[in-house]
Structures are given as structure tokens and as C-alpha cells.
Amino acid sequence: MKVPVRFSVNGDDRDLYIGAHKTLMEVLRDDLELTGTKEGCGNGNCGACTINLDGKAVNACLILGVEADGHEVQTIEGVSEDGTLHPLQQAFIEESALQCGFCTPGFIMSAKVFLEQNPSPSEQEIRTAIAGNLCRCTGYDKIVRAIQAAAKLA
Amino acid sequence: MQPFDYAAPPTLEEALQILSQASGLVRPIAGGTDLIAQIKERRIAPSLVLNVKEIAEANVLDYDPGQGLRIGAAVSCSDVASYAPVAAHYPSLAQACLLVGSTQIQNRGSVGGNVCNAAPSADTVPPLLTYDAVAVIAGPGGSRRVPLEDFFQGPGKTALQPQELLIEVLLPPPLPNSNSRYLRFIPREEMDIAVAGVGSMVAVDPQTNTCTRARIALASVAPTPIRAKEAERRLEGSPLTEEAIREAGELAASACSPISDIRGSAAYRKELVKVLTRRTLSQSLPR
Ligand SMILES: Cc1cc2nc3c(=O)[nH]c(=O)nc-3n(C[C@H](O)[C@H](O)[C@H](O)COP(=O)(O)OP(=O)(O)OC[C@H]3O[C@@H](n4cnc5c(N)ncnc54)[C@H](O)[C@@H]3O)c2cc1C
Ligand code: FES
Ligand code: FES
């Protein structure tokens, strides 16, 4: 079954005609060619697919594309403004908070909402906020430092 | 995923109509954090996925001191946890909601989905049981109320009939001078399934200092979440002394029938129930 949907992606309204069984991640990556959102586990455990839906961090691998109908989606591609990196993106570079980079978009989409709600968090609060994001490379300390640095930049 | 049809009816009537007219397997979807994972793993193959999030009744979240708390079936764990009356009047429920998976999972996963999925390990269920929650179910013949205690029939099995939907979960107003706590044991700090979980709720008469009502409910130690009624009876009518709490822990441990699996042996789970019962009781003495 194909279903017509309309939702906003990074501020632009998109009209699509998609299979009801396609995940939002598949729709973003395959139909909209927004490949910044990554598929790690596909089952909610790794957070590589984290996007913002109506301003909340969610796993795009566990949402149907059709469920986004009428809603607002933001992906990593929509985070910088006019070529200026978001403070989190800048801080991840400065703190070397990535190696392979596969987990980075997910961490930034989690941390972004978190900092909007809690602009000066403790280290423990940061660690709890990113518990749904896994990184196989960095050991997390640099990611935590980058989020702390971004909190100061903002 | 294998293909399926999809509907997002805007009213309860239309949703019930779709359910009663469907020929194949229809699965409601709230947050989808259980359902989509199960479809991907091919544990379930619905011919139609029915989104319940557009139904107004499923989005109600309301507290009234005389009526208690209403949690619409699609309300997310994040919204329940951050609703001020929940933290104030049903603290263990807020605690449990914040243990479900990650922030991402809590933002999408609902309390109603946690209940309908009927995992023995469902974290929000022990708190709901300790508050004598009632499931409001709508079906072709109208709506009916089922005490949550009678709702669970086995792992993944509930009192819901194929043509029925959970509409909301009702919690009566909390008793005066009551408090509650939910704790689970997992080998790490976040993102794991409870080896054992215990929710306790106690109310105390401030004049006599005796316990007027005790509720203890256990997760992950039986085919369904269960109440530890003998432990509750040991406390009701007594002062909540260290000895009474210790004995309640022993009774709760004997109430459960855990399995041994990769997460822990049956004996270990019983020991956890004993310790977590004591801890949750000591931490739920009214403030
Ligand atoms: C990574 C990860 C971590 C998790 N961690 C935890 C955890 O720590 N603790 C825990 O308890 N759970 C955990 N879960 C499981 C899950 O997130 C919860 O059970 C969640 O509350 C389910 O809610 P949902 O709205 O997503 O349910 P859905 O997936 O939408 O639905 C669950 C089931 O209920 C049925 N259903 C949904 N709504 C209705 C309705 N209104 N009427 C009738 N049937 C309905 C669906 O058909 C499905 O069978 C985790 C899941 C993942 C993926
Ligand atoms: S790909 Fe979605 S959580 Fe891993
Ligand atoms: S940088 Fe490689 S997984 Fe995180």
C-alpha cells in the first residue's frame, strides 16, 4: 500500500508517495537522499538514526514514514545555518569527539534538544541524555566534553 | 519490513470500525517501539497497522484530585513523567517512565503500549498495579473496564480481544500520606531489560503510625507482572518497622516464580526481589 504524505523536513514541506511499511529512516535516506541519518542497529538501541520530530529526539528506525504525515522533521542536514556550523558541530570538531563519525549525527540530534531544554547541564545529566546513543570509537569522554563546550558556546 | 496497509483514523468510532471490518491481523501502533521492532524481527506480520495517535481519547493526560489520573493509551512515557501531578502524586510511575529505554524511546513509547505489549519486564506496570490502575477498553459492544491486575494473562497475552482497543489507563486518587518507589536491577545504568523490578506504595495513618494500605508489585519474576499480596498483608495494620519491612521482603520473594535465563538465575532473581522490596518500601515511607 502506498500512501500520500506531507511533512516538513528541515523547514521545507515535502509531498511524497511512500510505502506504508517504509521506516522514516528509509524515507529520509532513500526517497529524500538525506543520508546523514545513519542506520546502525535498526531496532532502537544505538541511536545512530536519531532525528528530531516536532522538536523531540526520536529513533527514525522505529517510526513509519507515514506516521510523519503532518509533522516536522529535522535531520543533521538542517542543523547548520547558512553554512555556519551549529555550536555542537563546531564543538565536536574542536574536541575531536569523533573518529569514524558514524554515530555523530545521532549524538548531535540528541544533544541539540537536550541543550535547548537544559542549557547548563552537569556531566551526569549529559551522560544520561546520551544513553540512547552508542559510539564504538571514542569512549564517550570527548563527546561529553564537546557537549559541555557547546553549552558554553551557545 | 514486509508490506502492510496503514490507517490513521481521526476518531475512536472509525478506529473500531476498521478493527471490526478487517479480514487479516490488525495491530494498533502507538509509539511503535515494540511493534516495529517485532515486525522487523518477523515475530508478527500484521496486514494492517492502525495508528491510534490521532484519536483524541488516546491523547488525554489529566489529573483531578477527586477522580485521579487518566493516561490516554498513546501518551508517551516522557509526557507522563514530565506531567507535574504524576511526579507529585504517583512518584513511582514517573520514575518508571524515565527508565524505559532511552530519551528517544521515552519520547515515542507510550505507557499504553508498555501495558498492551504485556512483557513481564514492563517497567511502568508495577507502579500502575500498586495504584490499583484500571484499563478502559473500547470494542464493538461499547467500553468496559478491567482492573490491570486481571489484564495480563501471560507474556504478550492480555484481556484485549482482537476487535478491541485500549483507550486509557485510570489511576484512582492516591491515599493521603502515601508515597511510592519503583526500582529495577539491570547490570548497567541505562538501556536494559529488568532482571527484576519492584514497585511499592504505602499509606500511613499519621496518628497511629500504622500502615493503612500497602501495595507491592513485581516485574520480570513471573509470566506476567504480579502483586505480592502476602507481603502487602504483612504490612497493612502494622507500623512500618525494619522488621516488618524485612519480613515483607521475604514474603515477596516467595510470591514470585522466576525463570533462569541469560539475565540471571531464578535464585538470584528471588534475592533481588527481597532486596528491592526492602529498598522500595524504606524509600516510600510517606514524606
Ligand atoms: C531500545 C529499547 C529499549 C527499551 N527499554 C525498555 C525498558 O527499559 N523498559 C520497558 O518496560 N520497555 C522497554 N522497551 C519496550 C518499549 O519501548 C515499551 O514497552 C514502550 O512503552 C512501548 O510503547 P509503544 O507506544 O512504543 O508501543 P507500540 O509498539 O506502539 O505497541 C506495543 C504493543 O501494544 C499494542 N497496542 C499499542 N497501543 C494499543 C492500543 N491502544 N490498544 C490495543 N493494543 C495496542 C501494539 O499492537 C503492540 O502489540 C524498550 C524498547 C526498545 C526498542
Ligand atoms: S538504527 Fe535506530 S537506534 Fe540503531
Ligand atoms: S565515532 Fe565511530 S562510532 Fe562513534
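Every chain is numbered from 1 and lettered A, B, ... according to where its sequence line falls, protein lines coming before strand lines. The figures here come from the full heavy-atom set of this structure, side chains too, leaving out hydrogens, waters and symmetry mates.
With a threshold of 4.5 angstrom between heavy atoms, B:Leu35 does not approach chain A through any atom at all. Using a 4.5 Å cut-off between heavy atoms, B:Gln106 does not touch chain A at all. Contact annotation for A:Leu64: both backbone and side-chain heavy atoms come within less than 4.5 Å of a heavy atom of chain B. Heavy-atom distances place the side chain of B:Met191, and not its backbone, under 4.5 Å from chain A. When heavy atoms are compared at a cutoff of 4.5 Å, A:Asp69 does not approach chain B at all.
When each of B:Asn51, B:Ile105, B:Ile36 is checked for heavy-atom pairs under 4.5 Å with chain A, B:Ile36 comes out on top.
In this structure, NE2 in A:His21 is found 14.5 Å from OH in B:Tyr6, a value given to the nearest 0.5 Å. Between the CD atom in A:Gln117 and the OG atom in B:Ser82 there is a gap of 9.0 Å [rounded to 0.5 Å]. Note that the OG1 atom of B:Thr103 and the NZ atom of A:Lys56 stand 12.0 Å from one another [nearest 0.5 Å].
Annotation for A:Gln148: atom CD counts as buried by contact number, over 12 foreign heavy atoms lying within 6.0 Å.
Under the 4.5 Å side-chain criterion, counting only non-hydrogen atoms from C-beta, A:Cys61 is in contact with B:Lys40. Side-chain contact between A:Met109 and B:Gln104: absent, with no pair of heavy atoms (C-beta onward) separated by less than 4.5 Å.
A salt bridge does not link A:Arg127 with B:Glu190: none of the charged nitrogens is closer than 4.0 Å to a carboxylate oxygen.
Side-chain polar atoms of A:Asn43 and B:Glu41 form no donor-acceptor pair below 3.5 angstrom.
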